[in-house]
Amino acid sequence: MSIVSSLQKCTAAGLSALFNQSFTEKDFQVNQTKPEFEGDYTVVMFSLVKSLKLSHNAIGNQLGDHLTKNYPQFFSKYNIIKGFLNLTVSDAYWVDLLNKNHNDTCYGKKAMNGKKVMVEYSSPNTNKPLHLGHLRNNFLGWSVAEILKASGYEVIKSCIVNDRGIHICKSMIAWQKFANGATPESTGTKGDHFVGEYYVKFNDAYKKEVDELVAAGKTKEEAEKESPIMKATQQMLLDWENGKPEVIDLWKKMNSWVYAGFDVTYKRIGSDFNIVYYESNTYLLGKGIVQQGLDKKVFYQKEDSSIWIDLTADGLDEKIVQRKDGTSVYITQDIGLALQKYEQYKIDQSIYVIGNEQNYHMKVLQLICQKLGMPNADNIFHLSYGMVELTTGKMKSREGTVVDADDLVDEMVATSKQHTEELGKVKDFTETELKELYDTIGLGAMKFYLLRVDPKKTMVFNPQESIDFHGFTGPFVQYTYARIKSILRKVDSSLLMVDSKDVPNQDVSSMNYDPSTMSLLKLEKDLIIAAEQYPSMIEQACTEHNPSVIANYVFHLAKTFNSFYTEHSIANAETSAKKQLRVQLASITANIIKSGMGLLGIAVPERM
RNA sequence: GGUCCGGUAGCUCAGUUGGAUAGAGCAUCAGCCUUCUAAGCUGAGGGUCAUUGGUUCGAAUCCAAUCCGGAUCACCA
């Protein structure tokens with residue numbers, strides 16, 4: 001249990017005993033004590049003054065006495081300033097915590113809880129390569145999955161590939177018309193980029209045709225309808241739906257190019273999936289459900305035989321779920337897939353990592369599932385994240401301002417190479433080690449940069465800032481880790497106990513100090529306090545589905561360590577007791593950094 | 001127009017179950033490498049928490065109104 005929880009419980013129990021009324025943790029507030037006051041944690045007593053009709057001082061004195069007397073293992077002393085009861089946690093508590101956990105690589109993680117969660121993320125279109133926005137999605141999805149695992153959930157990562165539809169046909173038509181049989185191999189182009197080029201070519205050709213038709217006297221609307229290339233594309237979509245062999249062959253061929261390209265990118269950025277759904281397989285799902293919905297009168301049919309749901313009572317609009325020609329719309333297959341996911345895995349929760357532009361759509365989806373009485377409908381959760389904008393404004397493909405994912409990764413890795421070479425600290429690395437290090441730092445910087453911001457918020461991508469490796473960045477945290485590992489390599493490893501997850505309750509008689517009498521310097525204590533908070537940070541990140549909680553925390557921990565490191569020597573500590581204590585401190589810090597960065601999908605180097 | 005989200009230092013962001021003098025990083029300025037990795041540390045300056053009103057012992061945080069920005073409201077996906 002965290003010290004904050006302990007304090008809340010002890011305070012509630014203490015108040016109940018002292019004042020003969022029942023109190024719970026909600027009746028008062030516990031905060032970390034502000035640095036300008038003495039103490040570690042603070043009970044705010046203003047809310048108690050009214051119910052008890054006593055002064056702060058009276059309450060504070062009685063409660064402070066009670067806590068220090070009855071829980072000396074937690075609290076050593078207290079002071080009262082205005083309505084704030086500041087408690088000092090005893091050094092013995094901190095030291096004991098350090099002893100028990102300093103070499104536990106699973107510190108902060110929970111045992112399996114038997115619950116199953118699906119995290120759907122990434123979900124690309126097969127007509128263009130991944131861009132910066134996809135990166136935020138991928139990093140978020142992967143990290144949230146890790147955070148859920150650390151919190152005891154079994155996680156199934158899924159991906160729905162948007163591999164069919166009019167937009168896919170656009171790049172197919174353009175390839176037929178303009179490629180002269182060119183392939184990724186023949187042009188030496190990565191498959192997804194290759195296909196993306198034809199998607200662009202389609203739009204150029206289409207625009208040209210429309211302009212010409214408009215110049216010939218048509219209205220814009222007419223021109224858009226009559227454009228030959230668009231008509232050909234629509235015909236191709238029909239041919240695809242009818243299974244016309246040469247169209248299917250072309251579709252398969254071009255998609256396979258895209259997948260080959262995606263595989264490379266996914267491998268590079270670390271995305272992976274337990275199950276991949278393809279829209280070409282799922283787009284007919286949900287049609288049966290539409291019929292059932294009609295029978296249940298959740299849906300209704302209009303005269304033209306299109307099928308709708310009326311959501312006006314829920315503050316939304318009417319929504320079509322099946323066209324008059326009997327074909328399904330986007331949301332129909334989503335309903336079908338939602339049910340399939342549940343039937344396939346019996347998941348307790350279904351998380352969708354999708355941008356906030358689809359907030360309305362996801363609200364409608366969940367509402368429909370609920371009205372249909374689907375078993376998992378209440379456990380659909382839309383992890384809605386904000387768009388990534390540039391300092392110059394939004395990314396616009398038409399204006400060519402889209403930041404390509406592969407290019408960005410390459411730039412970040414190149415920058416990390418350049419910085420590393422300038423510093424000249426790794427001259428003895430082999431070529432392979434160097435390459436791995438550049439990847440670790442470059443990708444670490446990028447992931448940290450995108451994950452450090454609250455997912456819900458729109459964020460600005462500043463290229464200069466993103467390649468800064470100082471301050472609140474991934475490389476800063478990685479560097480702190482490498483410094484600690486450098487020290488730990490040099491000191492006697494017997495100062496650390498073996499990993500306590502392997503050998504619980506091991507003999508501590510070889511300790512160089514007595515944990516019950518060891519006193520802590522301020523910077524030592526600050527570091528243990530920070531380390532103690534890691535488990536509750538994982539909890540918070542999990543309930544909020546928010547990796548930025550971890551990013552902010554890990555940065556804070558690293559910063560706290562660096563202050564400690566500059567001020568006090570570990571290897572040459574004043575006494576052997578202090579040396580062991582500090583080695584343990586370094587160890588727990590390194591373990592948490594590695595673990596926390598791992599939750600963000602970021603590797604840490606042993607040396608840099 | 002309806003609905004939803006946001007507005008905190010020059011810039012990028014924390015902080016919102018209401019608590020003490022609103023915090024980081026970048027940028028600017030001033031210091032610190034013969035001692036465990038200076039991708040580091042220490043310090044300084046920088047704020048009408050969009051505005052106005054309300055709730056109360058106490059509001060960046062809760063409520064209302066207003067202003068500004070964004071998203072969305074397709075027989076597109």
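Here is how names work: the chains are called A, B, and so on, in the same order as the sequence lines, proteins then strands, and each is numbered from 1.
Note on Glu279(A): only backbone sugar-phosphate atoms sit closer than 4.0 angstrom, heavy atoms only; bases stay farther off. When heavy atoms are screened at a 4.0 angstrom cut-off, Thr42(A) is found touching base atoms of the nucleic acid. Counting any heavy atom pair closer than 4.0 Å across all strands shown, Gln29(A) reaches a base atom. Residue-level contact check: Asp325(A) touches neither bases nor backbone, having no heavy atom under 4.0 Å from any strand. Within the 4.0 angstrom heavy-atom criterion, no nucleotide atom of any strand lies near Lys456(A). Contacts of Leu316(A) with the nucleic acid, taken as non-hydrogen atoms under 4.0 Å apart, are absent. Tyr330(A) comes within contact range of at least one nucleobase, with a heavy-atom separation under 4.0 Å. Within the 4.0 angstrom heavy-atom criterion, only backbone atoms of the sugar-phosphate kind lie near Tyr360(A); the bases stay farther away. At the heavy-atom level, Val460(A) lies under 4.0 Å from the strands shown only through sugar-phosphate atoms. Within 4.0 Å (heavy atoms only), His568(A) reaches at least one base atom of the nucleic acid. Residue Thr420(A) is classed as a base contact, given a heavy-atom separation below 4.0 Å to a base. At the heavy-atom level, Asn462(A) lies nowhere under 4.0 Å from the strands shown.
Of the side-chain N and O atoms in Lys50(A), none sit less than 4.0 angstrom from OP1 or OP2 of U56(B). When the side-chain nitrogen and oxygen atoms of Lys559(A) are compared with OP1 and OP2 of G25(B), one or more of them lie within a distance under 4.0 Å. Applying the 4.0 Å criterion to OP1 and OP2 of U42(B), one finds that Ser563(A) has a side-chain N or O inside that range. One finds no side-chain N or O of His361(A) lying less than 4.0 angstrom from the OP1 or OP2 phosphate oxygen of U72(B). The phosphate of G40(B) (OP1 or OP2) has no side-chain N or O of Thr566(A) nearer than 4.0 angstrom. At A20(B), one or more side-chain N or O atoms of Lys34(A) fall inside 4.0 Å of OP1 or OP2 (strictly under the cut-off). Look at Arg323(A) and you'll find a side-chain N or O under 4.0 angstrom from OP1 or OP2 of A77(B). Here Lys457(A) does not reach the OP1 or OP2 of U12(B): none of its side-chain N or O atoms lies under 4.0 Å away.
In this structure, the CE atom of Met45(A) is 17 Å from the P atom of C57(B), given to the nearest Å. One interatomic measurement links the two molecules: NZ of Lys363(A) to C1' of C73(B), which rounds to 11 Å at whole-angstrom precision. A straight line from CG of Leu311(A) to P of G2(B) spans 20 Å, rounded to a whole angstrom. Distance CD1 (Ile484(A)) to P (U37(B)): 12 Å, rounded to an integer number of Å. As a whole-Å value, the separation of Glu224(A) CD from A74(B) P is 19 Å. Going from atom CG of Asn79(A) over to atom P of A20(B) covers 16 Å, rounded to whole Å. In this entry the distance linking OH of Tyr199(A) with P of A77(B) reads 13 Å, nearest Å. When the C1' atom of A74(B) is taken as reference, atom CD of Glu357(A) falls 15 Å away, rounded to whole Å.
With hydrogens and angles disregarded, a donor-acceptor distance shorter than 3.5 Å links the side chain of Ser171(A) to the backbone of Ile168(A).
For the C1' atoms, the distance from A65(B) to U28(B) is 40 Å, rounded to whole Å. Between the C1' atoms of U12(B) and G6(B), the separation comes to 16 Å (whole Å). Here the separation of C49(B) from U8(B), taken at their C1' atoms, is 4 Å to the nearest Å. One C1' atom belongs to G7(B), the other to G15(B), and the distance between them is 15 Å to the nearest Å. Across the C1' atoms, A71(B) and A27(B) are found 32 Å apart, a figure rounded to whole Å.
Base orientation of C33(B): syn (glycosidic angle within 90° of 0).
Taking only distance into account, the side chain of Asn86(A) meets the base of A20(B) through a donor-acceptor pair shorter than 3.5 Å.
The aromatic ring of Phe84(A) is stacked on the base of A20(B), with the two ring centres less than 5.5 Å apart and the planes inclined by under 30°. By the 5.5 Å and 30° criteria, Tyr565(A) is stacked with the base of C36(B). Residue ring and nucleobase are stacked for Phe46(A) and G19(B), with a centre distance beneath 5.5 angstrom and an angle between planes beneath 30°. With centroids closer than 5.5 Å and planes inclined by less than 30 degrees as the test, Tyr479(A) and the base of G40(B) fail to qualify as a stacked pair.
Considering only residues two or more places apart in sequence or on other chains, Asn125(A) meets the side-chain hydrogen bond (donor to acceptor under 3.5 Å, both in side chains) condition with none of them. Annotation: side chain to side chain contact (heavy atoms under 4.5 Å, CB included) contacts of Asp27(A) (sequence neighbours excluded): Phe23(A), Thr24(A).
When each of Asp468(A) and Gln322(A) is assigned the nucleotide of RNA chain B bearing its nearest heavy atom, the one mapping closer to the 5' terminus is Asp468(A). Toward the 5′ end of RNA chain B lies the nearest nucleotide of Glu465(A), the other residue of the pair Met608(A) and Glu465(A) mapping further downstream.
His382(A) and Asn356(A) are not linked by any side-chain donor-acceptor pair at a separation below 3.5 angstrom, with hydrogens and angles left out of the test.
Aromatic ring centres of Tyr553(A) and Tyr534(A): separated by under 6.0 Å.
Comparing atom distances between the Lys394(A) side chain and each of G70(B), C36(B), A20(B) picks out G70(B) as nearest.
Other residues, nucleotides and ligands contribute only 12 or fewer heavy atoms inside 6.0 Å of the NZ atom of Lys456(A).
Classified by interplanar angle (parallel below 30°, tilted 30° to 60°, perpendicular above 60°), the ring pair Phe84(A)/Phe46(A) is perpendicular.
Among Phe555(A), Tyr449(A), Phe469(A), the single residue meeting the ring-ring contact (aromatic ring centres under 6.0 Å, His included) criterion with Phe476(A) is Phe555(A).
Counting only heavy atoms from C-beta outward, the side chains of Tyr283(A) and Thr332(A) never approach each other to under 4.5 Å.
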